[in-house]
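In the text below, chain A, chain B and the rest are named by the order of the sequence lines, each starting its count at 1. Heavy atoms only: backbone and side chains are in, while hydrogens, waters and symmetry mates are out.
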Amino acid sequence: MKRTHSCGQLRAAEVGGHVRLCGWVRSYRDHGGVVFIDLRDRDGVTQVVFDPTDSPERHELARSLRSEWVVSVAGKVRPRGPDRINPKLPTGEIEIVADDLVVLNKSDTVPFDPETTEKVAEETRLKYRYIDLRRPEMTRNLRLRAQICQIMHRILDERGFVEVETPNLTKSTPEGARDFLVPSRLQPGCFYALPQSPQLFKQILMVAGLDKYYQIARCFRDEDLRADRQPEFTQLDVEMSFVVEADVMEVANAVLREICAACGKPFPQEVPVLSYAQAIDQYGIDRPDMRFGLLLQDVSQIVKTSSFKVFADVVASGGVVKGLCAPGGGKFTRKDIDGYTAFVAELGAKGLAWTKVEEGGFALGSAKFFTPEVQAQLRQAFGAKAGDILMFVADKPAAANKALAALRSKLGADLGLYKSDDFAWCWVTQFPLVEWNKEENRWDAMHHPFTSPRPEDLDRLESDPGGVGARAYDIVLNGTELGGGSIRIHSPQVQQRVFGLLGISEESARVKFGFLLDALRLGAPPHGGIALGLDRVVMLMVGADSIREVVAFPKTQRGICLMTEAPGQPDPRQLQELYLRVNRPQDKKPVPGENPLSGQ
RNA sequence: GAGGCCGUAGCUCAAUUGGCUAGAGUACCGGACUGUCGAUCCGGUGGUUGCGGGUUCGAACCCCGUCGGCCUCGCCA
């Protein structure tokens, strides 16, 4: 019963051999006499032929085969003959003439055909994920993911990195995202937190002298889901001692370069580096999509005296007027433009001013507000040509950037400014250390509280926190943040000052991060690192538009696994053991995974 | 927490302005057929139109609520 080959392996060279294959029935073609079976496994498809003259019993059994039954077949490899070759199959030059057939398992009618070219509802795919994963595309995604992990292991191992596992049952750190909590039975009333990342452990490993650490680590964050965000996700986590920014970035480049080489994707000799300020200025966002230009321009100075009251007022009150020039946008209809206006309105923009560029001057939209002089300046600022359209948002800088960044992204897609297989990488550096949190009325770490300020800014840490730069860096591909890291603080004094800046009292820091502060006092080397989002890397390598396509068992937007119906209600006895009582709001009824034991 | 799109046979979809017994392809079941490869041909089974309520002589279609999936904002150090 043991297989001799996979269903994707056999070629003309094996003709004459006797083989045994195991797999799933992809399709059956019963001609009354001869019966054909396409047998599929993860490697491919092989045609099997049953001839009624060989064995009537076996032929009858073959006629009963149906889609997705699991069978084992033995037989001789035979050439198909020139007019019978199937060029669509790698194994299309041969077929197996069966001399044995064993049905290992039958199958009910499958909820959907794994071979279908029709797009099956994701809900159905997730409920029957094992059927979905039989699809060659999904098999390829998972195998490419495994291959990418192998490259990560190999490159880092070659460079002397030590793989270390860190705990998943760890301590809650109230900074950052919401934690997943795990109740402790042995310590009633206490909870572990699942790690949002191994951040503190890897820093401790540097203090331990590990020098170069890595781990392909699972991370957990209890926040709302997106196409590129799952509550649990995987990071390639790296940390190094005695390094500066360029050393860490070089390691990340090396890993990504190898991954791209294996995936047939481009990776530049030199990855462009933008400062945070430059990214915000030109792209309106800290993860710029570099596949196309369409740069934003701040035209506040040009239009501040214009008769367009909105522009003048916004600039006068400290806002900005920023815009972009969409090449060929002159062809947009009123309806198109209304669509873009509604698009930016949903993002909070109060309006979208526009005008079309023609040979003689601006036309339509807000054209009448622009004097010939202003028109000339705008034309020059954008490098605008006849047939283009200018679009503007006037608002506070953050709001204008948010709307225009999204608009730029949409226009890039709508105008076909890039090809589907374009890859454009960049590093973004020189992030601010902190940003002002209006709601909480305090400074928040932009990266995390362990990121080192730039040494030249240290003396302004207390006097001008917003002006302090961080030794942080992000790597961005096609507008998706693939990873980020920083040089960390290794001085206990600096760490204490940063905690102070973030409003974390000495006492509170001791409770939450005492072990880190102790470690920093006991011979902590300078160190830094990075984390790469594995799911996102694989997503972009396979050209998927959601990480669910590269995660074997993902959760829905409501955090439910449709296959297992997790999360479920615990058995009351489990709660008792954990000294927990559920206090569920009356109007919130549990839906998934109703535990049949509960309520007993 | 908010906005948007969607939900009809196992699957993918259709159903004119609110109007006939809710159809088609595929899958499945039965039959025919000895070279197909998305086999073909003939016949058949299959429906709580997500769920609940309302309007109407009449609802897949309109209204309200609710559940679920997706996209986005907030959130994600």
Heteroatom pairs (N/O) under 3.5 angstrom, protein to nucleotides 37-40 of chain B:
from: C37(B); atom 1: O4'; to: R29(A); atom 2: NE; distance (Å): 3.1
from: C37(B); atom 1: O2; to: Q47(A); atom 2: OE1; distance (Å): 3.3
from: C37(B); atom 1: O2; to: R80(A); atom 2: NH1; distance (Å): 3.3
from: C37(B); atom 1: O2; to: N86(A); atom 2: ND2; distance (Å): 2.9
from: C37(B); atom 1: N3; to: R80(A); atom 2: NH1; distance (Å): 2.7
from: C37(B); atom 1: N4; to: R84(A); atom 2: O; distance (Å): 2.6
from: G38(B); atom 1: OP1; to: K88(A); atom 2: NZ; distance (Å): 3.1
from: G38(B); atom 1: OP2; to: K88(A); atom 2: NZ; distance (Å): 2.8
from: A39(B); atom 1: OP2; to: S27(A); atom 2: OG; distance (Å): 3.1
from: A39(B); atom 1: OP2; to: R29(A); atom 2: NH1; distance (Å): 3.3
from: A39(B); atom 1: N6; to: D30(A); atom 2: O; distance (Å): 2.7
from: A39(B); atom 1: N1; to: H31(A); atom 2: ND1; distance (Å): 3.4

Quick check for you: among C70(B), U12(B), C73(B), whose closest atom lies nearest to any side-chain atom of E118(A)? U12(B)
Any N or O donor-acceptor pair under 3.5 Å from the base of G74(B) to the side chain of E439(A)? no
5'-to-3' dot-bracket of RNA chain B (Watson-Crick, G-U; under 3.5 angstrom; crossing pairs as [ ]; | other strand): (((((((..((((.....[...)))).(((((.......))))).....(((((..]....))))))))))))....
Kindly say whether, by distance alone, the side chain of R229(A) makes a donor-acceptor pair under 3.5 Å with the base of C76(B)? yes
Just the rounded figure in Å: distance from P of C70(B) to CD1 of I560(A). 9 Å
Look at all strands and tell whether A121(A) reaches a base, only sugar-phosphate, or nothing, counting heavy atoms closer than 4.0 Å. sugar-phosphate
Would you state whether a donor and an acceptor, one from the side chain of R548(A) and one from the base of G69(B), lie under 3.5 Å apart? no
Carboxylate-amine/guanidinium contact R287(A) E481(A), below 4.0 Å: no
OP1 or OP2 of G69(B) less than 4.0 angstrom from a side-chain nitrogen or oxygen of R125(A), does that happen here? no
Whole angstrom is fine here: how far is it from CZ in R226(A) over to C1' in G3(B)? 12 Å
What is the nucleic acid contact for E95(A), judged by heavy atoms within less than 4.0 Å: base, sugar-phosphate only, or nothing? base
U72(B) C1' sits how many Å from L225(A) CG, rounded? 14 Å
Rounding to an integer number of Å, can you tell me how far D108(A) CG sits from U45(B) P? 22 Å
Give a yes or no on whether the ring-centroid distance for W443(A) and W436(A) is below 6.0 angstrom. yes
